[in-house]
Each structure stands twice: as C-alpha cells, then as structure tokens.
Chemist: 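Got a structure for you, written out below as structure tokens; questions coming shortly.
Numbers here simply count residues along the sequence, with the first being 1. Model, not experiment: these values are computed from the prediction.
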Amino acid sequence: MKTTIIVLIFCFVAAAFADLYDTKYDNINLDDILKNEKLLDVYTSCLLDKGPCNTKEAKFLKEVLPEALINECKKCSQKQMDGSKKVIEFLYRNKTAIWKELTAKYDPLGTYQKNHQAEFDKLNQ
Ligand SMILES: *[C@@H]1O[C@H](CO)[C@@H](O)[C@H](O)[C@H]1NC(C)=O
C-alpha cells in the first residue's frame with residue numbers, strides 16, 4: 001500500500017514536470033542579447049521569418065512562443081517567465097518597430113496585450 005502511494009506520487013510529480021518547457025536554456029544571459037543589436041537581430045529575424053534560425057535557443061523560442069502567449073506561459077519555469085517579461089518590456093519600451101512586427105505576427109488579435117493592458121500602461125508612464 002505504501003509503495004503504491006509512493007509510486008502514485010512519483011507519477012504525479014513526473015507528469016507535472018513533463019509538462020514544462022525544457023529548461024536547458026534558462027541560464028542564457030538575456031542582457032547580453034538585448035544589449036547586442038546584432039544578436040537581437042538574429043533572434044528577432046528568426047521569429048519574424050526574416051532570417052535563418054541558426055541557434056538552438058532561437059529555434060526553441062520560436063517553437064514555444066505562440067503557445068506560451070496563449071496559455072500565459074503555463075509551461076514556463078519561473079526563470080522563463082521572468083525572462084519573457086524582461087524581454088517583452090525591453091522590446092516594448094526600446095524597440096517599438098520590432099515590437100510591432102512581433103505582435104502583428106504572434107498576437108494579431110491583440111489578446112495578449114489586452115490581457116496585460118495594466119502592465120503595458122505602467123510601462124508607458
Ligand atoms: C531600454 O534600454 C536601456 C538601455 O539599454 C536599458 O537600460 C533599459 O532597461 C531598457 N528598458 C527596458 C524597459 O528594458
């Protein structure tokens with residue numbers, strides 16, 4: 001009986017974790033990317049189908065971004081969640097042109113932006 005319970009608990013935990021995105025890129029230094037025009041361009045070109053996605057990180061991002069936007073990063077680790085917020089804020093504030101292209105492609109109905117209106121309003125202040 002005890003074993004069954006332990007096995008059951010283990011299965012639940014395993015299932016919960018299996019549903020998260022891969023965390024192998026969690027230690028990527030976002031500041032390095034955001035502050036480096038060239039690097040940022042590599043990532044955004046990939047996301048916007050304007051260039052090759054020739055890094056694993058960019059490919060990964062392109063794969064998970066559409067879903068993560070819809071489900072509020074439900075499968076994100078805390079680090080991925082914080083990182084997404086940081087990147088979104090940076091692009092919104094500092095890279096308006098890129099931000100507009102990205103939202104036109106990945107949030108055409110403005111759903112994400114509507115759901116986060118309060119946070120965007122704060123950034124505008
Ligand atoms: C905008 O860019 C500046 C300079 O790189 C940076 O210090 C600032 O944190 C950026 N803003 C946001 C919201 O990330």
Chemist: For the atom pair NZ (Lys38) and CD1 (Ile33), what is the distance rounded to the nearest 0.5 Å?
Modeler: 15.5 Å
Chemist: Can you tell me how far apart SG (Cys53) and NZ (Lys62) are? Round to the nearest 0.5 Å.
Modeler: 4.0 Å
Chemist: Do Asp19 and Lys74 have side chains that get closer than 4.5 Å, going by heavy atoms?
Modeler: no
Chemist: Verify the cluster assignment for Phe120 and Val87: are they in a single hydrophobic cluster under the rule of side-chain heavy atoms below 4.5 Å apart?
Modeler: yes
Chemist: Any side-chain heavy atom of Glu72 within less than 4.5 Å of one from His116?
Modeler: yes
Chemist: How far does OG1 of Thr44 sit from CG of Leu91, to the nearest 0.5 angstrom?
Modeler: 8.0 Å
Chemist: Could you work out, with salt bridge (charged side-chain N to carboxylate O under 4.0 Å, His left out) as the rule, every residue matching Glu67, not counting sequence neighbours?
Modeler: Lys75
Chemist: Any link between Leu40 and Leu65 through a network of hydrophobic side chains (Ile, Leu, Val, Met, Phe, Trp, Tyr) touching at under 4.5 Å?
Modeler: yes
Chemist: Please list, chain by chain and in numerical order, all residues satisfying salt bridge (charged side-chain N to carboxylate O under 4.0 Å, His left out) with Lys59, sequence neighbours excluded.
Modeler: none
Chemist: For residues Ile88 and Val64: do they belong to one hydrophobic cluster (side chain heavy atoms under 4.5 Å, members Ile, Leu, Val, Met, Phe, Trp, Tyr)?
Modeler: no
Chemist: Please find the pair of heavy atoms, one from Pro52 and one from Cys46, that lie closest to each other, and give the distance.
Modeler: O-CB, 3.9 Å
Chemist: Leu61 and Leu48: same hydrophobic cluster, using ILVMFWY side-chain contacts below 4.5 Å?
Modeler: yes
Chemist: When you measure from the side chain of Asp107 to the backbone of Tyr112, do you find a donor-acceptor pair of N or O atoms at a distance under 3.5 Å?
Modeler: yes
Chemist: Measure the spacing between CD of Glu119 and CG of Asp121 and express it to the nearest 0.5 Å.
Modeler: 10.0 Å
Chemist: Considering only residues two or more places apart or on different chains, which pairs with a residue in residues 81-91 satisfy salt bridge (charged side-chain N to carboxylate O under 4.0 Å, His left out)?
Modeler: Asp31-Lys86
Chemist: Please tabulate, for side-chain N and O atoms in residues 94-105, each donor-acceptor pair with protein atoms closer than 3.5 Å (sequence neighbours left out).
Modeler:
| from | atom 1 | to | atom 2 | distance (Å) |
| --- | --- | --- | --- | --- |
| Lys95 | NZ | Glu37 | OE1 | 3.4 |
| Lys95 | NZ | Glu37 | OE2 | 2.6 |
| Glu101 | OE1 | Lys50 | NZ | 2.5 |
| Glu101 | OE2 | Lys50 | NZ | 3.2 |
| Thr103 | OG1 | Trp99 | O | 2.9 |
| Thr103 | OG1 | Lys100 | O | 3.1 |
| Lys105 | NZ | Asp49 | OD2 | 2.8 |

Chemist: Do the side chain of Ser77 and the main chain of Gln80 share a donor and acceptor less than 3.5 angstrom apart?
Modeler: yes
Chemist: Shared ILVMFWY cluster between Leu47 and Leu39, side chains joined below 4.5 angstrom?
Modeler: yes
Chemist: For the NZ atom of Lys56 and the CD1 atom of Ile28, what is their distance to the nearest 0.5 Å?
Modeler: 12.0 Å
Chemist: Any ring pair (Phe, Tyr, Trp, His ring centres under 6.0 Å) pairs touching residues 41-90, not counting sequence neighbours?
Modeler: Tyr25-Phe60
Chemist: Could you pull out all residues at least two apart from Asp22 that satisfy salt bridge (charged side-chain N to carboxylate O under 4.0 Å, His left out)?
Modeler: Lys24
Chemist: Could you pull out the closest heavy-atom pair between Ala68 and Tyr21, with the gap in Å?
Modeler: N-OH, 3.7 Å
